[in-house]
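Residue numbering restarts at 1 for every chain, and letters A, B, ... go by the order of the sequence lines.
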There are 2 protein chains.
Amino acid sequence: MVSEKTVERLSLYRRILQQLRVEGKETIMSHELANLLHIKPAQVRRDIMQLGYSGIPNSGYKIRPLLESIANFLDSPLPQSAVLVGVGHLGLALLANFAGRWRQLAIRAAFDKDPSKVGQTFHGCRCYPMYDLQKVIAETKSVVGILAIPGENAQSICDTLVQSGISGILNFSPLRIKVSENVFVEHVDLSATFEKVSFFARRMKHYAEEEKWKMENETTDDEYETIITKQ
Amino acid sequence: MVSEKTVERLSLYRRILQQLRVEGKETIMSHELANLLHIKPAQVRRDIMQLGYSGIPNSGYKIRPLLESIANFLDSPLPQSAVLVGVGHLGLALLANFAGRWRQLAIRAAFDKDPSKVGQTFHGCRCYPMYDLQKVIAETKSVVGILAIPGENAQSICDTLVQSGISGILNFSPLRIKVSENVFVEHVDLSATFEKVSFFARRMKHYAEEEKWKMENETTDDEYETIITKQ
DNA sequence: GTATAATTGTGAATTCTTGAACAAATTATA
DNA sequence: TATAATTTGTTCAAGAATTCACAATTATAC
Ligand SMILES: NC(=O)c1ccc[n+]([C@@H]2O[C@H](COP(=O)([O-])OP(=O)(O)OC[C@H]3O[C@@H](n4cnc5c(N)ncnc54)[C@H](O)[C@@H]3O)[C@@H](O)[C@H]2O)c1
Ligand SMILES: NC(=O)c1ccc[n+]([C@@H]2O[C@H](COP(=O)([O-])OP(=O)(O)OC[C@H]3O[C@@H](n4cnc5c(N)ncnc54)[C@H](O)[C@@H]3O)[C@@H](O)[C@H]2O)c1
């Protein structure tokens with residue numbers, strides 16, 4: 001029904017609106033949100049439409065009820081838990097940001113095969129041994145699993161997660177894991193992303209230099225055109 | 001000309017092919033790559049077509065020259081450098097993976113406003129003070145900038161990066177930065193991604209439970225249909 | 001009040017991406 | 001050598017996402 005992209009944008013709208021609200025703003029118009037995100041106003045209106053919330057013509061959207069609508073749409077009625085597998089460099093960074101009991105959505109448990117990490121607490125989150133996976137997922141009623149391990153065992157660990165009741169996976173490993181169709185997987189492949197940025201950076205630079213060249217040789221171009229026209 | 005998605009997939013193909021090559025495999029067919037990535041063979045063929053490389057009907061692609069074609073297409077002729085701004089939790093994780101002199105594409109310098117980090121070396125990468133940005137970017141001829149700082153100053157730092165010659169930005173901050181059209185920006189918004197996974201995880205679970213319910217009540221459904229039909 | 005200006009909600013058009021299908025090409029095999 | 005079997009390259013259709021454009025609606029100015 002609702003697309004992934006819409007859900008992502010709703011999440012962005014919310015963050016901006018929360019900020020604007022603490023700054024005292026009470027209403028917002030589609031083109032303001034659009035400008036902040038560098039998208040088109042029609043996109044914003046279309047997304048908000050899907051919430052069932054209606055704005056006021058010639059006036060915009062009331063921020064407070066709009067935020068409520070977004071929360072109503074995006075959030076679980078109950079706080080939602082996630083577990084992290086792999087407390088390495090990346091896993092630690094994720095814990096620093098997403099561990100925390102008070103939040104609506106948070107990492108509530110971590111796992112690692114490294115015995116030196118098991119038993120420790122990182123950013124307020126306990127690290128368990130791998131064989132506790134099923135048990136802890138059940139106890140915390142987690143629905144999201146985050147994979148921050150190398151690709152090798154990602155598939156088998158993913159399978160365990162799914163068997164334990166996880167239905168959404170955020171996969172940072174380079175392996176494209178396979179899941180049954182009732183499990184949602186998001187692949188965040190930072191290496192591929194890095195390469196992509198590098199690729200287009202180079203392209204942009206070439207393009208910019210070409211443009212610059214054209215600008216510098218503009219008069220010459222004109223002369224050339226004149227010659228053509230004259231023929 | 002070539003789409004972002006295609007570039008991303010080419011990067012994935014390369015990683016898989018490199019692995020397969022060390023395992024001794026010499027040729028590969030579109031459906032094999034497709035199965036590994038859970039996409040359709042036609043997509044693979046289409047992507048490879050754009051490289052200008054041709055496979056052999058009834059035989060597939062030769063891995064070695066295909067890899068060369070991909071490298072030729074994706075990589076800069078010269079090693080390409082990136083700089084990182086923000087050596088916090090996430091920045092450190094990125095350094096752990098992408099710092100390294102020997103690579104074709106790597107983070108060659110880091111920056112932080114925190115004086116306690118400046119001067120230190122993290123994973124082989126030196127951390128410089130912010131006022132060295134322009135100088136170091138020029139020295140390293142970097143084209144990619146990675147932002148791993150809070151949103152507040154992201155825009156102004158981004159502007160400085162662009163002024164210094166950066167034409168590709170990988171932005172991990174929640175702020176959607178604005179750049180001129182000859183600069184490429186990729187936003188990696190981990191909070192929004194996390195929320196998205198959580199959203200669809202919940203949905204999948206509901207869906208699965210509905211399906212299960214339907215399965216269990218299949219006979220009842222049939223009976224109900226019979227009643228309808230009879231009317 | 002009425003007119004004016006501005007903004008929403010949304011059908012239609014457009015653009016971008018993926019998928020199905022098949023002729024052409026090539027290998028493997030009989 | 002001829003035939004069958006298979007995979008590629010590519011066209012065309014389908015699908016998804018975005019953008020346009022405008023009627024409907026509301027606030028504001030006069
Ligand atoms: N850090 C980055 O910036 C970055 C960039 C690109 C890709 N990645 C990918 O993200 C993943 C994690 O990266 P990282 O830098 O944190 O790696 P890391 O090596 O620092 O950490 C991996 C952690 O996972 C644990 N682990 C390994 N195998 C395990 C298993 N079978 N079961 C449980 N725990 C296991 C290890 O003990 C370690 O703590 C890797 O797949 C990596 O390729 C990371
Ligand atoms: N770590 C995660 O998993 C995660 C998740 C979601 C979002 N993010 C985002 O990624 C960014 C970085 O996250 P983090 O966890 O590494 O944060 P962090 O607080 O651990 O690190 C931020 C680093 O940036 C430096 N910094 C801050 N302002 C700066 C400035 N103006 N100039 C130079 N350096 C500056 C700080 O000194 C610090 O070293 C943040 O925007 C955060 O919202 C991170």
To the nearest Å, how far apart are [X] [atom1] and [N] [atom2]?
{"X": "L33(A)", "N": "dT8(C)", "atom1": "CG", "atom2": "C1'", "value": "14 Å"}
{"X": "R9(A)", "N": "dA17(D)", "atom1": "CZ", "atom2": "C1'", "value": "8 Å"}
{"X": "I48(A)", "N": "dT18(D)", "atom1": "CD1", "atom2": "P", "value": "15 Å"}
{"X": "H31(A)", "N": "dC20(D)", "atom1": "NE2", "atom2": "P", "value": "16 Å"}
{"X": "D47(B)", "N": "dT10(D)", "atom1": "CG", "atom2": "P", "value": "14 Å"}
{"X": "M29(B)", "N": "dT27(C)", "atom1": "CE", "atom2": "P", "value": "14 Å"}
{"X": "M1(A)", "N": "dA16(D)", "atom1": "CE", "atom2": "P", "value": "13 Å"}
{"X": "N35(A)", "N": "dT7(C)", "atom1": "CG", "atom2": "P", "value": "12 Å"}

Practice task
May I ask you to evaluate whether S30(B) reaches the phosphate of dT7(D), defined as a side-chain N or O under 4.0 Å from OP1 or OP2?
Solution key: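 No, outside the criterion.
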Exercise for the section: Go through dT17(C), dC20(D), dA21(C) for me and flag the one nearest to the A42(B) side chain. Expected result: dA21(C)
Exercise for the section: For dT26(D), give its Watson-Crick or G-U wobble partner with both distances under 3.5 Å, or none. Expected result: dA5(C)
Looking at side-chain heavy atoms only, is the closest gap between [X] and [Y] below 4.5 Å?
{"X": "F194(A)", "Y": "L94(B)", "answer": "no"}
{"X": "F98(A)", "Y": "S191(B)", "answer": "yes"}
{"X": "Q50(A)", "Y": "L10(A)", "answer": "no"}

Problem - Contact residues, residues 54-71 of chain A to DNA chain C [heavy atom, < 4.0 Å] - result: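 DNA chain C contact set from residues 54-71 of chain A: S54(A), G55(A), I56(A), P57(A), N58(A), S59(A), G60(A), Y61(A).
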Handout entry: Identified salt bridge (charged side-chain N to carboxylate O under 4.0 Å, His left out) partner of E195(A) from the options R14(B), R15(B), R9(B), R103(B)
Key =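 By the salt bridge (charged side-chain N to carboxylate O under 4.0 Å, His left out) criterion, E195(A) pairs with just one of R14(B), R15(B), R9(B), R103(B): R14(B).
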Exercise for the section: Over 60° means perpendicular and under 30° means parallel, so classify the ring planes of Y61(B) and Y53(B), tilted if in between. Expected result: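 If you compare the ring of Y53(B) with that of Y61(B), the planes turn out tilted.
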Handout entry: Pairwise 5' ranking along DNA chain D for I39(A) and I28(B), keeping only the more 5' one
Key = I28(B)
Handout entry: Distance-only side-chain donor-acceptor flag, Q155(B) / D159(B), under 3.5 Å
Key =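 On atom types as modelled, these side chains qualify, holding a pair under 3.5 Å.
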Practice task
Give the intermediate values and the outcome of side chain to side chain contact (heavy atoms under 4.5 Å, CB included) for residues L51(B) and N72(B).
Solution key: CA-CA 9 Å; L51(B) 299 173; N72(B) 212 45; over 6 Å; no
Practice task
Answer yes or no: side-chain N or O of R45(B) and base N or O of dT7(D) forming a donor-acceptor pair under 3.5 Å.
Solution key: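 Side chain to base: no pair present.
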